[in-house]
Number of protein chains: 2
Amino acid sequence: MAGSAGLQRGAGVSLWRQIADRIRLGVAADLADQNGRLPPETELAERFGVNRHTVRAAISALAHEGVLQAAQGRGTYVRRQRRLVYPIGEKTRFSAGLEGQSHDLRSELLSHRREAASPEVAEALGLRPDEETVRLEVLGSADGTPVSRATLWFSSSRFPDIADHFVRTGSITEALTRSGIADYSRASTTVEARHADEADTGELRLSPGAIVLFMRALNVDPDGAPIQYSLTRFAADRMTLLIQSPRQPGGG
Amino acid sequence: MAGSAGLQRGAGVSLWRQIADRIRLGVAADLADQNGRLPPETELAERFGVNRHTVRAAISALAHEGVLQAAQGRGTYVRRQRRLVYPIGEKTRFSAGLEGQSHDLRSELLSHRREAASPEVAEALGLRPDEETVRLEVLGSADGTPVSRATLWFSSSRFPDIADHFVRTGSITEALTRSGIADYSRASTTVEARHADEADTGELRLSPGAIVLFMRALNVDPDGAPIQYSLTRFAADRMTLLIQSPRQPGGG
DNA sequence: TCGAATTTGTGCGTATGTATG
DNA sequence: GCATACATACGCACAAATTCG
């Protein structure tokens with residue numbers, strides 16, 4: 001049964017990368033022992049039905065990613081890594097939800113500009129086609145590792161200074177408060193998953209073939225009027241989305 | 001500017017697969033014209049900074065997936081394809097939410113067995129460690145294409161005949177009704193995204209490197225007692241998750 | 001019906017990346 | 001590290017199908 005283990009040749013993804021993906025998954029589960037030590041390369045090679053060289057290439061890639069650390073003579077060890085949990089609910093806040101999960105959480109404004117609303121944005125925000133919007137590009141990091149990349153749109157006439165407010169406060173919620181929005185809530189959220197595109201691999205420091213969780217969200221004011229539309233790309237291997245039910249204590 | 005377009009060589013993912021992933025994304029956006037026709041291969045090759053053969057390999061893979069269709073002399077066209085929308089809310093039901101989106105929706109029981117609860121399952125269902133559970137493997141299909149693969153656990157003592165009921169009714173909700181559960185609700189849901197593993201590539205007919213949305217869910221009865229824990233893998237390119245807010249009319 | 005332009009389909013030789021032992 | 005086999009990517013050339021004047 002030490003056969004191909006489901007790996008495919010000639011499918012455009014090298015065996016060592018397929019194995020790296022499997023090991024990355026297995027790391028959370030049963031692959032490592034209590035001390036976080038991986039089985040020896042020869043055993044992994046046999047289990048995956050490949051040559052030891054191929055397993056070494058996979059481990060090398062994961063070591064470069066920071067997932068594993070190989071030590072000559074001692075074995076290969078899993079480096080501590082926690083997924084961040086991003087709560088989604090009626091009262092979802094961009095950074096508040098992640099608080100306490102990391103020492104150093106940052107939201108950095110990469111760029112901002114005014115632009116005419118695309119059909120998608122216009123419909124979401126309830127604007128006339130081509131009405132002007134303010135668009136922000138925000139990079140979220142935890143302990144120096146980028147975890148999310150968000151594009152946010154606001155009505156330019158209602159929130160002319162949103163970019164300034166965000167730069168000064170480092171928080172969308174605060175920036176909205178200074179724009180006169182005392183409270184807001186999440187009206188709709190959709191989630192998809194895609195392969196990282198060029199911008200993702202650059203900003204989130206991902207390798208080709210890596211996965212991003214793709215979240216579309218619309219926030220509304222207490223009257224139900226749309227105030228903010230956003231597309232957020234999360235580095236999928238660093239994040240879990242937690243969907244909060246209204247009553248139940250979203251336990252886990 | 002017709003440079004590398006962000007493609008990476010020697011990263012374990014072939015150029016043609018990276019390009020196929022980009023084209024698959026671009027299909028929804030601006031890549032095709034109004035008639036669903038893609039730019040000619042020579043233009044795509046220049047845009048991606050690769051040889052035409054490489055673009056052809058990408059197109060060939062997407063044609064095999066059913067995303068594109070090439071016609072000699074006429075061009076390459078996008079085949080109509082809709083994403084299914086899976087609503088997640090307090091009253092999420094396995095198949096009811098997808099109703100009306102496809103002519104032919106099916107839930108097929110692949111296998112079932114009794115097994116001792118793993119620590120994860122025991123904690124979720126509130127069982128003693130190693131208490132017996134019933135485990136179902138269910139494959140969901142739309143119009144003959146598999147879209148989801150779910151593993152469900154129930155308390156064996158409370159739901160001894162759940163597998164029989166499911167086989168006869170083809171519905172989890174119905175099977176629970178016959179087990180005396182008139183109503184239930186979603187207590188917690190988490191979402192991650194991963195690369196397809198061996199079972200995913202087989203059952204969901206995915207290629208290596210493909211993405212699955214990974215959903216953990218716990219359903220409880222009206223008293224708040226856990227009745228069902230499940231892990232669902234969705235083929236990510238066939239599905240959008242819609243997170244329903246309690247009050248707001250989860251609009252699009 | 002005839003060409004000419006456009007676009008996909010095919011073959012071959014060669015260099016590099018991947019996988020084995 | 002080395003030798004071998006296969007997959008990937010390139011460049012060039014040409015064939016086959018469609019469209020249009």
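Values below: all heavy atoms of this structure, side chains included; hydrogens, waters and symmetry mates excluded. We name chains A, B, ... by the order of the sequence lines, and we start the count at 1 in each one.
Counting only residues at least two apart or in different chains, side-chain hydrogen bond (donor to acceptor under 3.5 Å, both in side chains) contacts with residues 61-71 of chain A comprise A:R24-A:E65.
Nucleic acid contact for B:A71: sugar-phosphate only, since backbone atoms but no base atoms lie under 4.0 Å from a heavy atom of the residue. Note on B:R9: only backbone sugar-phosphate atoms sit closer than 4.0 angstrom, heavy atoms only; bases stay farther off. Within 4.0 Å (heavy atoms only), B:T42 reaches no atom of the nucleic acid at all.
A:E137 and A:S111 share no donor-acceptor pair across their side chains, judged by distance under 3.5 Å alone. In this structure, a donor-acceptor pair under 3.5 Å is present between the side chains of A:S156 and A:R114. Between B:R238 and B:S148, the side chains place no donor N or O within less than 3.5 Å of an acceptor N or O (distance only, hydrogens not considered).
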For this session: Starting at the 5' end of nucleotides 16-21 of chain D, put B wherever the base has a protein heavy atom under 4.0 Å, S where only the sugar-phosphate does, and a dash everywhere else.
Result: BBSS--
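Distance CG (B:L7) to C1' (D:dT8): 14 Å, rounded to an integer number of Å. Here D:dA5 presents its P atom at 19 Å from CG of A:L15, a figure rounded to the nearest Å. Between the C1' atom of D:dA7 and the CH2 atom of B:W16 lies a distance of 10 Å, rounded to the nearest Å. For the pair B:R17 CZ and D:dA7 P, the computed distance is 15 Å after rounding to whole Å. Distance CD (A:Q8) to P (D:dA7): 14 Å, rounded to an integer number of Å.
Taking a heavy-atom distance under 4.0 Å as the criterion, the stretch of DNA chain C touched by chain B extends 5' to 3' from C:dT7 to C:dT18.
Comment: B:R113 engages B:E115 in a salt bridge, judged by a side-chain N to carboxylate O separation of less than 4.0 angstrom. Using a 4.0 Å cut-off between a side-chain N of Lys or Arg and a carboxylate O of Asp or Glu, A:D130 and A:R128 do not qualify as a salt bridge. By the 4.0 Å N-to-carboxylate-O rule, B:R52 lies close enough to B:E41 to be salt-bridged with it.
Around atom CZ of B:R135, more than 12 heavy atoms belonging to other residues, nucleotides or ligands sit under 6.0 Å away.
Considering A:D197, A:D237, A:L206 in turn, A:L206 is the only one that fulfils the side chain to side chain contact (heavy atoms under 4.5 Å, CB included) rule with A:V212.
When the nearest nucleotides of DNA chain C are assigned to B:H53 and B:E41 by heavy-atom distance, the more 5′-ward of the two goes with B:E41. Residue order along DNA chain D, read from the 5' end via each residue's closest nucleotide, puts A:A11 first among A:A11 and B:R52.
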